[in-house]
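Presented below is the structure to which this report refers.
Within every chain, numbering begins at 1; the chains are lettered A, B, ... in the order of the sequence lines, protein sequences first and strands thereafter.
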Amino acid sequence: MDYTPQDLDRKWQQRWTDSGAFEVSEDYSKPKFYCLEMFAYPSGHAHMGHVRNYSIGDALARMKRMQGFNVLHPFGWDAFGLPAENAAIKHGIHPEDSTRGNISHMKGQLQRMGISYAWHRELATCDAEYYKWNQWLFIRMFERGLAYRKRSSVNWCPSCTTVLANEQVVDGGCWRCHSMVETRDLEQWFFRITEYADELLQAIDGLKAWPDKVLTMQRNWIGRSEGARVRFALDGDATTQIEVFTTRIDTIFGSTFVLLAPEHPLVSSFANRAADPAGFRQQAQAFRLQDKAARMSGEIEKQGFDTGQRAINPFTGQAVPIWVANFVLGDYGTGAVMAVPAHDQRDFEFARKFGLPIRVVVTPDGKPVASEGLTEAADAYGMLVESGEFSGEPSAEAQARMIAVAKASGFGEGTVQFRLKDWGISRQRYWGTPIPFIHCPKDGLVPVPDDQLPVELPRITEFTGRGDSPLSHVPEFVNTTCPKCGGAARRETDTMDTFVDSSWYFYRFADPRNAQQAFNPEAVKYWLPVDFYVGGVEHAILHLIYSRFFARVFRDLGMVDHAEPFTHLLTQGMVLKDGAVMSKSKGNVVDPDDMMAKYGADALRIYVMFVAPPEKEIEWSDAGIEGSWRFLARVWRLVDHWCDGITGTPQGGFEGISPEGRRLRRKTHDTIRRVTVDIEERQQLNTAISAMMELVNEIYAFSDATATGAPGRRAEGTIVPAEGPEVVAVVGEALSALVRMLAPFAPHTAEELWERLAGRDGLTTASWPVFDADVARADEVVVPVQVNGKVRGRLTVPVDITDADLEALALADAAVLPHLAGKTVKKVVVARGRLVSVVVG
RNA sequence: GCGGAAGUGGCGGAAUUGGCAGACGCGCUAGCCUCAGGAGCUAGUUCCCGCAAGGGAAUGAAGGUUCGAGUCCUUUCUUCCGCACCA
């Protein structure tokens with residue numbers, strides 16, 4: 001090879017850039033394909049995870065392009081976020097400067113990889129021309145009641161000094177720095193994602209091309225439960241009611257006490273009535289703190305105390321004690337539960353610990369059971385007992401009737417409860433989209449008028465990391481006038497969660513430079529939904545649910561005509577080294593730049609795609625990339641030595657072609673089929689590559705069989721060229737297909753070889769090789785012949801043999817299989833469209 | 001605990017609808033070519049017996065269906081991932 005790999009990479013990257021090979025426009029005459037990899041946070045350096053992600057996406061994009069699709073394959077930057085701001089606090093570099101620098105460096109890395117991006121459509125979320133539309137959409141959502149403000153107890157990370165979304169709290173700690181999360185009460189902005197909870201859940205069934213794992217995670221996250229709300233009046237105070245949520249209203253006759261979450265609003269009023277209000281509050285507060293933090297260390301012990309108050313069970317009329325319990329969640333359901341110790345394990349443990357009564361009201365056979373001997377709760381459905389007029393009814397029927405009774409009597413109703421909560425998007429941070437609202441002393445909360453958007457993020461100079469919003473220290477930003485009354489007013493100083501930025505960027509790519517609209521609906525109608533979306537499974541819940549939510553918001557604004565933005569989702573596995581995620585602190589980082597310098601981009605790309613299926617984790621191996629390098633070198637040599645004189649590919653059938661030639665032709669077409677199916681339908685890129693390797697081996701074997709001189713005697717890696725029209729045609733066909741199929745995986749090498757082979761460049765516009773089923777399945781197949789279930793021989797028969805012909809053949813071929821002479825064919829097995837076995841009796 | 005995915009050579013992994021298990025690659029062995037080999041080419045490489053031809057066993061374990069099971073069914077063990085006191 002007279003190039004270094006980098007020379008080769010640079011040569012073709014330059015040509016692609018100069019010709020704008022991957023830039024696209026809306027072309028309604030061509031079928032579109034929108035291939036997207038999750039855009040990147042500009043951390044500074046591309047890592048192997050990026051390499052893998054973009055190599056997979058690029059394989060799809062390039063293949064679809066060759067198949068004649070108009071392919072949109074864009075890239076951008078998720079450029080706002082905490083790390084840049086934290087770096088600013090630590091090192092005094094302005095987030096804008098570090099972010100721009102990082103983007104520039106990483107863009108260079110991606111370009112050196114030769115990913116076929118439409119760079120003209122590049123966007124960064126920190127550009128005002130992008131985040132303007134965050135603000136615009138925010139106001140639209142406000143107008144529709146989908147964005148609202150409320151005072152709420154929020155998760156506060158003391159280290160990042162900011163509010164976290166529920167989704168950003170992992171095991172009681174901050175998702176980013178893992179500090180223990182505290183609670184604080186603040187006025188916050190929320191998106192009413194719960195409005196779409198039911199739809200988001202039901203539509204999951206329609207996501208046929210998403211991984212099951214992701215669908216399950218989303219179902220669990222939304223967490224739909226059907227049940228009932230029932231109001232218990234306070235004993236001695238009918239005006240105060242405690243509403244509980246239950247999925248088992250059929251067990252309500254067994255509810256012997258009521259439990260409140262420590263956060264429940266009634267807890268503080270009960271404290272005032274307690275003998276020792278201070279002690280009461282202290283206990284409740286202890287639970288509240290415990291609730292957020294203590295769960296990290298596994299199970300926490302069930303604790304509680306008696307409020308001294310009693311509630312009236314509306315079904316039994318009995319007064320039951322009200323306790324505060326540490327395991328009752330304040331932010332799920334109503335924050336209060338009716339405890340049924342006989343039929344709920346948690347309540348059972350609590351009752352046993354504190355000596356509270358247990359009543360069995362559901363049994364398998366409808367016969368009453370005493371509670372004394374119980375060792376655990378029985379949560380199965382059954383027949384009701386000891387339940388007044390409902391005794392003897394099966395659980396399911398009783399549930400329906402009890403809900404009806406509760407509703408008619410006005411103390412309850414059936415309801416659906418979701419685990420999903422509204423999305424808190426306020427961040428007390430600088431490096432994000434300013435929330436476009438103005439607080440006016442006279443007019444209250446006033447949205448910034450559309451013609452004043454964007455509200456630009458001012459360039460501040462001091463980063464202290466203090467607890468409140470950095471923007472609140474910028475008087476020029478804060479002080480403004482009210483758009484309504486013209487009086488002095490203050491701007492909102494919180495910024496938006498960066499998940500807002502990433503929830504719609506895939507729409508902006510359809511029309512990224514539009515200054516009048518977030519996007520032109522016509523362009524989005526052409527390009528969207530995204531046909532193929534690749535990214536890490538770590539975004540299975542947050543990013544993907546938020547994006548599905550935003551798609552529905554745009555739909556309801558009349559801007560898009562679909563609800564699901566991503567048709568096909570692929571979640572790629574991580575790249576590990578020595579069994580662990582690569583990280584600087586572990587010192588096990590393999591730098592993509594080093595690998596590309598040594599082997600070129602193609603060997604690296606081939607390696608990350610060949611080593612395992614895309615969804616699986618892979619373990620980095622230096623020997624593995626050597627193997628990929630060797631494969632490319634093998635292809636290179638093959639083309640180098642055969643290309644002279646190959647001008648065309650064979651037409652038609654097999655007339656006059658040697659058995660070896662027929663074999664190679666079959667292999668060529670079988671490979672086209674396998675590679676096409678593996679990429680397109682299965683995204684099994686590893687087997688697509690191995691199929692091409694097989695073809696390469698086959699071409700080498702063909703040269704052995706047809707070469708002049710002794711087979712297998714080739715010095716210095718040369719291949720003795722065979723001669724004759726057959727070789728030219730058969731090998732020409734094989735190499736032509738091979739090089740084109742190589743393009744999605746090793747585009748630089750493929751381009752170069754295509755130029756040598758076909759005498760022209762422009763592989764990016766070359767067509768995908770056409771599979772010829774007649775060729776692939778031509779001639780014959782070898783089938784096992786079984787006698788009494790044992791394979792006793794093999795017959796080579798034409799693929800399309802009929803049963804009758806086969807029977808005759810089995811008998812006639814006694815010379816080959818003498819022990820079958822005189823036997824009859826009992827069964828012919830055909831599978832996958834071909835004959836696979838003959839059973840002889 | 002609930003849910004999801006998966007258990008195949010020394011290693012990564014193939015096996016598309018139930019049809020020659022171990023493709024392809026790594027590693028290893030031998031040969032060729034070489035001053036040399038960390039290049040290239042050829043051959044071999046699941047395990048056991050055998051010089052070989054050949055024979056036997058084998059896809060976590062145990063059963064079952066089938067002419068035929070890595071694949072389907074039942075039971076069971078293990079690992080990874082997600083959620084986790086959600087009433």
Side-chain angles (χ1 to χ4, degrees), chain A residues 171 211-221 223-225 227 244-248 251 255 259 261 291 295 298-302 325-329 331-340 343-347 349-350 379 417-419 537 540-541 606-607 610-613 615-619 621-628 630-631 633-634 637 673-674 677-678 681-682 684 686-694 696-697 700-701 704 711-719 782-784 786-791 794 826-827 829-841:
Chain A
D171 290 338
D212 287 342
K213 181 185 182 178
V214 173
L215 299 181
T216 304
M217 284 165 72
Q218 293 216 353
R219 279 194 193 96
N220 293 341
W221 192 260
R224 184 180 197 274
S225 303
V244 301
F245 172 72
T246 178
T247 54
R248 290 299 302 274
T251 66
S255 177
L259 294 173
D291 196 30
R295 209 159 294 156
E299 289 281 307
I300 57 170
E301 204 191 333
K302 288 184 175 48
N326 64 342
F327 66 90
V328 178
L329 305 174
D331 54 3
Y332 181 77
T334 61
V337 299
M338 61 171 215
V340 186
H343 305 293
D344 181 285
Q345 189 59 24
R346 294 155 301 181
D347 299 344
E349 288 167 24
F350 194 84
D379 57 8
Q417 182 65 45
F418 292 95
R419 206 187 82 108
V537 72
I541 297 179
I606 289 263
Y607 169 68
F610 173 65
V611 69
E615 302 82 9
K616 283 200 78 156
E617 282 182 347
I618 60 176
E619 171 73 25
S621 142
D622 288 339
I625 194 171
E626 291 274 359
S628 300
R630 253 195 303 270
F631 165 63
R634 251 166 97 75
R637 278 195 303 277
R673 181 186 59 80
R674 284 172 62 190
V677 169
D678 282 353
E681 294 174 21
R682 308 201 300 162
Q684 196 143 323
N686 54 329
T687 51
I689 294 170
S690 70
M692 287 188 286
M693 289 174 167
E694 284 183 51
V696 169
N697 293 345
Y700 272 76
D704 268 349
R713 291 289 176 274
R714 295 188 296 269
E716 293 296 329
T718 58
I719 295 164
V782 177
V783 298
Q786 303 172 3
V787 179
N788 299 328
K790 285 246 172 201
V791 175
R794 290 173 202 289
K826 279 168 72 177
K827 193 169 179 181
V829 180
V830 179
R832 298 179 192 171
R834 45 164 78 188
L835 184 64
V836 294
S837 161
V838 183
V839 181
V840 179

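With 3.5 Å as the limit, one finds a donor-acceptor pair spanning the side chains of R634(A) and N697(A).
A close approach under 4.0 Å does occur between a side-chain nitrogen or oxygen of R630(A) and OP1 or OP2 of rG27(B). Proximity of S225(A) to the phosphate of rA87(B): a side-chain N or O atom is located under 4.0 Å from OP1 or OP2. Between N697(A) and rG25(B) there is a side-chain N or O to OP1 or OP2 distance below 4.0 Å. In this structure, R219(A) does not reach the rG4(B) phosphate: none of its side-chain N or O atoms is under 4.0 Å from OP1 or OP2. Under 4.0 angstrom from either OP1 or OP2 of rA14(B) there lies at least one side-chain N or O belonging to N686(A). An OP1 or OP2 oxygen of rA84(B) is reached within less than 4.0 angstrom by a side-chain nitrogen or oxygen of R419(A). Side-chain nitrogen and oxygen atoms of K616(A) include none within less than 4.0 Å of the OP1 or OP2 phosphate oxygen of rG12(B). For the OP1/OP2 pair of rA15(B) and a distance below 4.0 Å, the side-chain nitrogens and oxygens of Q684(A) include at least one atom meeting the criterion.
In rG9(B) the O4'-C1'-N dihedral to the base is within 90° of 0, which defines a syn nucleotide.
Using N1 to N3 plus N6-O4 or O6-N4 for Watson-Crick, or N1-O2 and O6-N3 for G-U wobble, each under 3.5 Å, rC24(B) pairs with rG12(B). Look at rG7(B): its Watson-Crick or wobble partner, with both distances under 3.5 angstrom, is rC77(B). Searching all strands for a Watson-Crick or G-U wobble partner of rC47(B) with both distances below 3.5 Å returns rG56(B). Across all strands shown, rU17(B) forms no Watson-Crick or G-U wobble pair with both key distances under 3.5 Å. The partner of rG70(B) cannot be assigned: no Watson-Crick or G-U wobble pair with both contacts below 3.5 Å exists in any strand. Partner assigned to rG1(B) is rC83(B), using Watson-Crick or G-U wobble distances below 3.5 angstrom. Across all strands shown, rU42(B) is found opposite rA30(B) as a Watson-Crick or G-U wobble partner, with both distances under 3.5 Å.
Distance alone, capped at 3.5 Å, places no donor-acceptor pair between the R419(A) side chain and the S225(A) backbone. A donor-acceptor contact shorter than 3.5 Å is absent between the side chain of S255(A) and the backbone of V340(A).
Distances were taken from every side-chain heavy atom of A612(A) (C-beta onward) to each of rA87(B), rG40(B), rG12(B); the shortest belongs to rG12(B). In this structure, the nucleotide among rA14(B), rA87(B), rC24(B) sitting nearest to the side chain of Y332(A) is rA87(B). The side chain of M693(A) lies closest to rG25(B) when the candidates are rA87(B), rG25(B), rC41(B). Set against rG3(B), rU16(B), rU42(B), the side chain of N220(A) has rG3(B) as its closest nucleotide. In this structure, the nucleotide among rC26(B), rA87(B), rA5(B) sitting nearest to the side chain of D212(A) is rA5(B). Listed nucleotides rC24(B), rG12(B), rA87(B) differ in distance to V611(A); the shortest reach to its side chain belongs to rG12(B). The listed nucleotides are rG82(B), rA87(B), rC24(B); the one nearest the side chain of F610(A) is rC24(B). In this structure, of rA87(B), rU16(B), rC41(B), it is rC41(B) that holds the atom nearest to the side chain of Y700(A).
The residue R224(A) sits apart from the nucleic acid: no heavy atom pair falls under 4.0 Å. At the heavy-atom level, P613(A) lies under 4.0 Å from the strands shown only through sugar-phosphate atoms. Within 4.0 Å of G223(A), counting heavy atoms only, lies no atom of the nucleic acid at all.
With both ends at atom P, the span from rG22(B) to rA58(B) equals 16 Å, rounded to whole Å. A gap of 10 Å separates the C1' atoms of rA84(B) and rG3(B), to the nearest Å. A gap of 7 Å separates the C1' atoms of rC77(B) and rA61(B), to the nearest Å. Taking atom P on both nucleotides, rG54(B) is separated from rG44(B) by 14 Å, rounded to a whole Å. Taking the P atoms as reference points, rC47(B) lies 7 Å from rG10(B), given to the whole Å. Comparing the C1' positions of rG9(B) and rG64(B) gives an interatomic distance of 28 Å, to the nearest angstrom. rA43(B) and rU76(B): their C1' atoms are spaced 44 Å apart (whole Å). Atom C1' of rU59(B) sits at a distance of 22 Å from the matching atom of rC49(B), rounded to the whole Å.
With respect to R682(A) and D678(A), a salt bridge is recorded, a charged nitrogen being found less than 4.0 Å from a carboxylate O. Between K213(A) and E615(A), no side-chain nitrogen of the basic residue sits less than 4.0 Å from a carboxylate oxygen of the acidic one, so the salt-bridge criterion is not met.
Remark: P of rA5(B) and NZ of K213(A) are 11 Å apart, rounded to the nearest angstrom. The distance from atom CZ of R637(A) to atom C1' of rU42(B) is 14 Å, rounded to the nearest whole Å. Straight-line distance from the CD atom of E615(A) to the P atom of rA5(B): 13 Å, rounded to whole Å. Here the C1' atom of nucleotide rC85(B) and the CG atom of N326(A) are 9 Å apart, to the nearest Å. In this structure, E617(A) places its CD atom 15 Å from P of rA6(B), rounding to the nearest Å. The distance from atom CZ of R634(A) to atom P of rC41(B) is 5 Å, rounded to the nearest whole Å. Between the CD atom of E694(A) and the P atom of rU16(B) there is a distance of 14 Å, given to the nearest Å. When the C1' atom of rA5(B) is taken as reference, atom CG of L215(A) falls 13 Å away, rounded to whole Å.
Of the two residues contacting RNA chain B, namely I618(A) and R248(A), the nearest-nucleotide position lying further toward the 5' end is that of I618(A). Heavy-atom distances to RNA chain B give each of M338(A) and I689(A) a nearest nucleotide, and the one nearer the 5′ end belongs to I689(A).
By the 4.5 Å heavy-atom criterion applied to side chains, M338(A) and T251(A) are counted as neighbours. At least one side-chain heavy atom of Y332(A) sits under 4.5 Å from a side-chain heavy atom of F245(A). For the pair E694(A) and R674(A), the minimum side-chain heavy-atom distance is below 4.5 Å.
Cation-pi geometry between K302(A) and F350(A) is not met: the NZ or CZ atom fails to fall both under 6.0 Å from the ring centre and inside 45° of the normal.
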